[in-house]
There are 2 protein chains.
Amino acid sequence: MSLRFAILGLLTSGELSGYEITRRFEQSVGYFWHARAQQIYPELARLESEGLVIGRAVPQAGRPDKRVYTITSRGLDELTAWVLTPSPLTLTKDEFLVKVWSYGLVDPAAALAALEQHRRQQEERLAAYRAIEAAFEGAHPEAVPPAFLGPYLTLRAGITFVESFLAWADDAARILRARLTQPPQSAS
Amino acid sequence: MSLRFAILGLLTSGELSGYEITRRFEQSVGYFWHARAQQIYPELARLESEGLVIGRAVPQAGRPDKRVYTITSRGLDELTAWVLTPSPLTLTKDEFLVKVWSYGLVDPAAALAALEQHRRQQEERLAAYRAIEAAFEGAHPEAVPPAFLGPYLTLRAGITFVESFLAWADDAARILRARLTQPPQSAS
DNA sequence: TAAGTCATGTAATCGGTTACATGATTGC
DNA sequence: GCAATCATGTAACCGATTACATGACTTA
């Protein structure tokens, strides 16, 4: 369900082609929902057949022709209704934390190294988010124009979550370091 | 891939039936990976056919017979190898934040109400985590026995993440409240 | 010459959910 | 009597990923 509304949300700021939507999914909404081109094209066709968007062929010179989509008023209605709908708590699926769950089985030094490698990846992500945050620059939170309110809030969510991961990782690293002298041990 | 290793991880603390594994997935590892019974039973069969676990029928009186599984040494080898493997950054999928992304389209008061409802759900989750944390009670972090290190660290991760959501939600609520007098506006 | 971008798709597969089935026992 | 718990499954479906295909243009 979310995919169609993520697409409709993107289209509220103007017409976009499937390709352009695919690119947007690598940023912005993409932090909390993502999809590849192969999923986006059929979804756009479905949205059009349901009258929530309308497509228009745009011939281009020097590059392939494209088909751009505009959200219809019915599409906007369905989107705004959905936005206020209650959401179930997200059941996170995080491969890394499944690994952490078995850290008691392995050498603490090795676990520490794996943890720190993952921490570095998260730090890179944070830097990318911060760079985008700078684009909202100047504008103190209350002054963000309505069209950018949602993107701004979700970006802040992204930053907050990555920062909290880093804080947890530092804490976990401290606990692992205290065990470096102890041998690894299997459970129970 | 993660499902099989989540199951193997659970089996490191002793033999469990498919049903018991299903129950465990509602807590502990379940915070970062989850699966329903229908997925767990076939996976156990697959793990057994690959020699990573061995099953044993346990006749019971007064309740259905069950089949309990033990991790093999090959299973333990594969698990410990996997645990130290680098993990890709998780691409979160969060329906609620897809909605937040379009908060600029709706009445700030309605958005605020939706936000606060979701916040309350997260608070309940935090209370549940804290209750489990109390079971690790007394033991200061460095003293947690190795068999509980992983579960302890993931529980702390769960607590940290929920707390950071609450902090973000408070911040977002503050920003929305500052807009209560302004009319809703559709995107440019 | 090779890789990358723009642009849109099909096909096969997989992981996961929903719905359904069965059947005994225990607690309200 | 009804719902919940214990216990294990099958079948249909759906959302998402991987692999593959095409083809022109641009940049290294």
Side-chain angles (χ1 to χ4, degrees), chain A residues 1-8 10 15-27 29-30 32-50 53 55-69 82 87-95 98, chain B residues 1-8 10 15-27 29-30 32-50 53 55-69 82 87-95 98:
Chain A
M1 277 292 96
S2 296
L3 175 61
R4 62 194 306 115
F5 293 109
I7 291 173
L8 290 174
L10 282 169
E15 57 179 19
L16 294 169
S17 69
Y19 186 82
E20 287 158 347
I21 290 171
T22 307
R23 293 281 83 80
R24 302 291 178 96
F25 264 105
E26 288 161 15
Q27 300 180 344
V29 230
F32 298 107
W33 205 268
H34 54 96
R36 324 221 171 237
Q38 298 94 317
Q39 227 190 324
I40 288 166
Y41 288 109
E43 188 64 50
L44 280 168
R46 231 171 291 134
L47 285 169
E48 186 165 24
S49 78
E50 294 172 32
V53 304
R56 178 173 68 84
V58 175
Q60 294 190 117
R63 52 180 58 181
D65 295 349
K66 62 181 178 179
R67 185 170 181 81
V68 295
Y69 295 88
W82 180 77
S87 313
L89 285 190
T90 306
L91 287 169
T92 319
K93 290 207 158 187
D94 192 319
E95 183 182 319
V98 177
Chain B
M1 276 292 96
S2 296
L3 175 61
R4 61 194 306 115
F5 293 110
I7 291 172
L8 290 174
L10 282 170
E15 59 179 17
L16 292 170
S17 69
Y19 186 81
E20 287 158 348
I21 290 171
T22 306
R23 293 282 83 80
R24 302 290 178 95
F25 264 105
E26 288 162 13
Q27 300 181 344
V29 232
F32 297 107
W33 205 267
H34 55 94
R36 323 223 169 233
Q38 298 94 318
Q39 227 189 325
I40 289 166
Y41 289 109
E43 188 64 50
L44 280 168
R46 229 172 292 132
L47 285 168
E48 185 164 25
S49 78
E50 293 171 33
V53 303
R56 179 173 67 83
V58 175
Q60 294 189 118
R63 53 179 59 180
D65 295 349
K66 62 180 177 179
R67 185 170 180 82
V68 295
Y69 294 87
W82 180 76
S87 313
L89 285 191
T90 305
L91 286 170
T92 318
K93 290 208 157 185
D94 192 319
E95 183 182 319
V98 177

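For the numbers below, each heavy atom of this structure counts, side chains included, while hydrogens, waters and symmetry mates do not. Everything quoted here is computed from the prediction, not taken from an experiment. Order of the sequence lines sets the chain letters (A, B, ...), proteins ahead of strands, with each chain counted from 1.
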Quick one: do E20(A) and R23(A) satisfy salt bridge (charged side-chain N to carboxylate O under 4.0 Å, His left out)? Show the steps, please. CA-CA 5 Å; E20(A) 287 158 347; R23(A) 293 281 83 80; over 6 Å; no
Rounding to a whole Å, what distance do you find between Q39(A):CD and dT18(D):C1'? 13 Å
Counterpart residues, side chain to side chain contact (heavy atoms under 4.5 Å, CB included), relative to K93(A) (two or more places apart): W33(B), H34(B)
In whole angstrom, what separates H34(A)'s NE2 from dG15(D)'s P? 15 Å
Compile the donor-acceptor pairs under 3.5 Å between side chains in residues 38-48 of chain B and protein atoms, sequence neighbours left out, one pair per line.
| from | atom 1 | to | atom 2 | distance (Å) |
| --- | --- | --- | --- | --- |
| Y41(B) | OH | Y19(B) | N | 3.3 |
| E43(B) | OE1 | R46(B) | NH1 | 2.7 |
| E43(B) | OE2 | R4(B) | NH1 | 3.0 |
| E48(B) | OE1 | R67(B) | NH2 | 3.3 |
| E48(B) | OE2 | G55(B) | N | 2.8 |
| E48(B) | OE2 | R67(B) | NH2 | 3.1 |

Given axes from five pairs at either end, by how many degrees does the helix from dT1(C)-dA28(D) to dC28(C)-dG1(D) bend, rounded to 10°? 40°
Rounded distance (Å) that lies between atom C1' of dT17(D) and atom OH of Y41(A): 17 Å
Spacing of K66(B) atom NZ relative to dT5(D) atom P, expressed in whole Å: 17 Å
For L89(A), which residues count as a side chain to side chain contact (heavy atoms under 4.5 Å, CB included) partner, sequence neighbours excluded? H118(B), Q121(B), Q122(B), R125(B)
Note: chain B reaches DNA chain C at heavy-atom distances under 4.0 Å over the stretch, first to last nt, 5' to 3', of dG15(C) to dT25(C)
Closest-nucleotide 5' rank along DNA chain D - winner of P42(B) and K93(B): P42(B)
How many Å lie between CG on L44(B) and C1' on dA7(D), as a whole number? 13 Å
Quick one, V58(B) and D65(B) - any side-chain contact, counting heavy atoms below 4.5 Å? no
Take atom CD of E43(B) and atom P of dT10(D), then tell me their distance rounded to the nearest Å. 14 Å
Check against side chain to side chain contact (heavy atoms under 4.5 Å, CB included), L16(B) and L10(B): CA-CA 8 Å; L16(B) 292 170; L10(B) 282 170; 4.1 Å; yes
What does Q38(A) touch in the nucleic acid at a heavy-atom separation under 4.0 angstrom: a base, only the sugar-phosphate, or nothing? base
Shortest non-hydrogen pair, F25(A) vs A35(A), comes out as CD2-N, 3.9 Å
Using a cutoff of under 3.5 Å, can you pull out all pairs of nitrogen or oxygen atoms linking the protein to nucleotides 23-28 of chain D, with atom names and distances?
none

For I40(B) and dC6(D), give me the distance from atom CD1 to atom P, rounded to whole Å. 14 Å
Minimum heavy-atom distance between V29(A) and A6(A), given as atom pair plus value: CG1-CB, 4.4 Å
Is any side-chain heavy atom of I21(B) less than 4.5 Å from a side-chain heavy atom of I7(B)? yes
Starting from the C-alpha separation in whole Å, work towards a yes-or-no answer on side chain to side chain contact (heavy atoms under 4.5 Å, CB included) for S87(B) and W82(B). CA-CA 10 Å; S87(B) 313; W82(B) 180 76; over 6 Å; no
